[in-house]
Amino acid sequence: MRPPRPLGVMWRICPRLRDRGRGLLNRPSSDPTGSMWPRPTPRPPARAYVPPTERKRFYQNVSISQGEGGFEINLDHRKLKTPQAKLFTVPSEALAIAVATEWDSQQDTIKFYTMHLTTLCNTSLDNPTQRNKDQMIRAAVKFLDTDTICYRVEEPETLVELQKNEWDPVIEWAEKRYGVEIGSSTSIMGPSIPTQTREVLTSHLSSYNMWALQGIEFVVAQLKSMVLTLGLIDRRLTVEQAVLLSRLEEEYQIQKWGNIEWAHDYELQELRARTAAGTLFVHLCLESSTVKHKLLQE
Amino acid sequence: MAALGSPARTLRGLLRELRYLDAASGRPYRDTAAYRYLVKAFRAHRVTSEKLCRAQHELHFQAATYLCLLRSVRQHVALHQEFHGKGERSVEESAGLVGLQLPQQPGGKGWEP
């Protein structure tokens, strides 16, 4: 049965995200990148395109405080709530500070499409598509079948070389690190992932909590690759490197044919922002306990 | 291994990003919780002399990721403002693109109220 649609889907103001969100919502598995914010007001009928009314920045100060469930964000004196009106609490102080900085950096109007960490926290708190851990892990492992760095072209020669030189080391690292077989393929059916690989990765992913899994799924959806996401989580790749590897063919074409700032750079920065947010989210959700230990030992 | 560079460079980049952000709230960036947290975290982890300290590497990676996030969000917004934020041209401007002008009818067009 299809999971229920998220309530009050608001198409973000950015037109590129509008199409992407709509396209991805047609899949049965949910897309955590789809915006979950309710629309502020209906769009006025006008002959020229008028952007929907944007919320102005209605607060002066942003601060964090520690409640019983975790850390909370205060906008002036009001507590921040999720789109489903739950209290916004995060387990990690660093994450709370980062979210507060996001809210604090809004000038005049609030641009929700730049607040990636806030969106991730909201999705984790609300879980609007109500998926459980198994469904998420299955969706993530399924991505291996269409993993970007396993899908190779056969021509032009230079691109084949480039893919081999850049992507093969990462696949080898992943195979060695997890003791699995992944391989790459040029066929249209994609790589054939053995069952043992799936099992190993499923059991590895089930050691992460729900919040971290939301982050992981987000990054996988952005980079279109499970292997690159594993590289990011294990700190084998930096965000810039992972994004470059994900966009390898695009970069190749840009070098050949030229760069278009308002399209290529725009997409690059957006991809970097989202991947960085997802990676940071995963790491902060994982390691809240280790930080406390270190302080206690001193 | 990940090409992270030196922690000092990452810290400097982070402080610069925070400086750009403080234009929004008007408060100096040294007041913000983010600045205090970052400085405290970097100082606390600087003490170990061991080069392969794992916690240090973890913190540095997180800091580099956060720096990438702040930088790319800022550049994304700047690109959006410059190229996609202007809305549609008015009818007069569109006509002006091809060298035409809208006709002027002093009596008003018949179908306008």
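What you see is a predicted model, and the numbers here were worked out from it, not measured in a lab. Every chain is numbered from 1, with letters handed out A, B, ... down the list of sequences.
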**Fill in**
Residues passing the side chain to side chain donor-acceptor pair (under 3.5 Å) test with B:Thr10, sequence neighbours excluded, are B:His60
**Asked** How many angstroms lie between NE2 in B:His76 and CG in A:Leu268, if you round to the nearest 0.5 Å?
**Response** 11.5 Å
**Options A:Glu102, A:Glu240, A:Gln269, ranked by heavy-atom pairs under 4.5 Å with chain B, top entry** = A:Gln269
**Item:** Flag side-chain contact, heavy atom, 4.5 Å: A:Thr238 against B:Leu4
**Value:** yes
**Message:** Tell me the closest heavy-atom pair linking A:Thr101 and B:Leu21, and the distance in Å.
**Reply:** CG2-CD1, 3.8 Å
**Message:** If I take atom OG1 from residue B:Thr32 and atom CD1 from residue A:Ile97, how far apart are they, to the nearest 0.5 angstrom?
**Reply:** 9.0 Å
**Prompt:** Does atom CZ of A:Arg177 have more than 12 heavy-atom neighbours from other groups under 6.0 Å away?
**Reply:** yes
**Request:** Would you please name every residue forming a ring pair (Phe, Tyr, Trp, His ring centres under 6.0 Å) with B:Tyr35, sequence neighbours left out?
**Result:** B:Tyr29
**Message:** Shorter than 4.5 Å, heavy atoms on both sides: which option in A:Ala100, A:Gly231, A:Ala94 has the most such pairs with chain B?
**Reply:** A:Ala94
**Message:** Using heavy-atom distances under 4.5 Å, tell me whether A:Ala98 contacts chain B through its side chain, its backbone, both, or neither.
**Reply:** both
**Asked** Got B:Glu82 and A:Trp262 here, is their nearest side-chain heavy-atom distance under 4.5 Å?
**Response** no
**Asked** Is the number of heavy atoms from other residues, nucleotides or ligands within 6.0 Å of CD (B:Gln81) greater than 12?
**Response** yes
**Item:** Option that, when pairs with chain B are counted at under 4.5 Å, heavy atom only, ranks first among A:Val62, A:Leu271, A:Leu280, A:Val239
**Value:** A:Leu280
**Prompt:** Which residues, numbered in order, of residues 64-73 of chain B come under 4.5 angstrom of chain A by heavy-atom distance?
**Reply:** B:Thr65, B:Tyr66, B:Cys68, B:Leu69, B:Ser72, B:Val73
**Message:** Can you tell me how far apart CG (A:Asp265) and CD (B:Gln75) are? Round to the nearest 0.5 Å.
**Reply:** 8.5 Å
**Request:** Kindly assign one of parallel, tilted or perpendicular to the pair B:His84 and A:Tyr266, based on the angle between their ring planes and the thresholds 30° and 60°.
**Result:** tilted
**Item:** Interatomic distance, B:Tyr37 atom OH to A:Glu93 atom CD [nearest 0.5 angstrom]
**Value:** 6.0 Å
**Item:** Interchain contact, A:Ile64 with chain B, by part (heavy-atom threshold 4.5 Å)
**Value:** neither
**Prompt:** Relative to chain B, which of A:Arg57, A:Glu261, A:Gln60, A:Gln106 shows the most heavy atom pairs under 4.5 Å?
**Reply:** A:Glu261
**Request:** Quick one: pull up CD in B:Gln62 and NE2 in A:His283 and give me the separation to the nearest 0.5 Å.
**Result:** 7.0 Å
**Request:** For B:Tyr20, check ring pair (Phe, Tyr, Trp, His ring centres under 6.0 Å) against everything at least two apart and list the hits.
**Result:** none
**Item:** Spatial distance of atom CZ (A:Arg235) from atom CD (B:Glu58) [nearest 0.5 Å]
**Value:** 4.0 Å
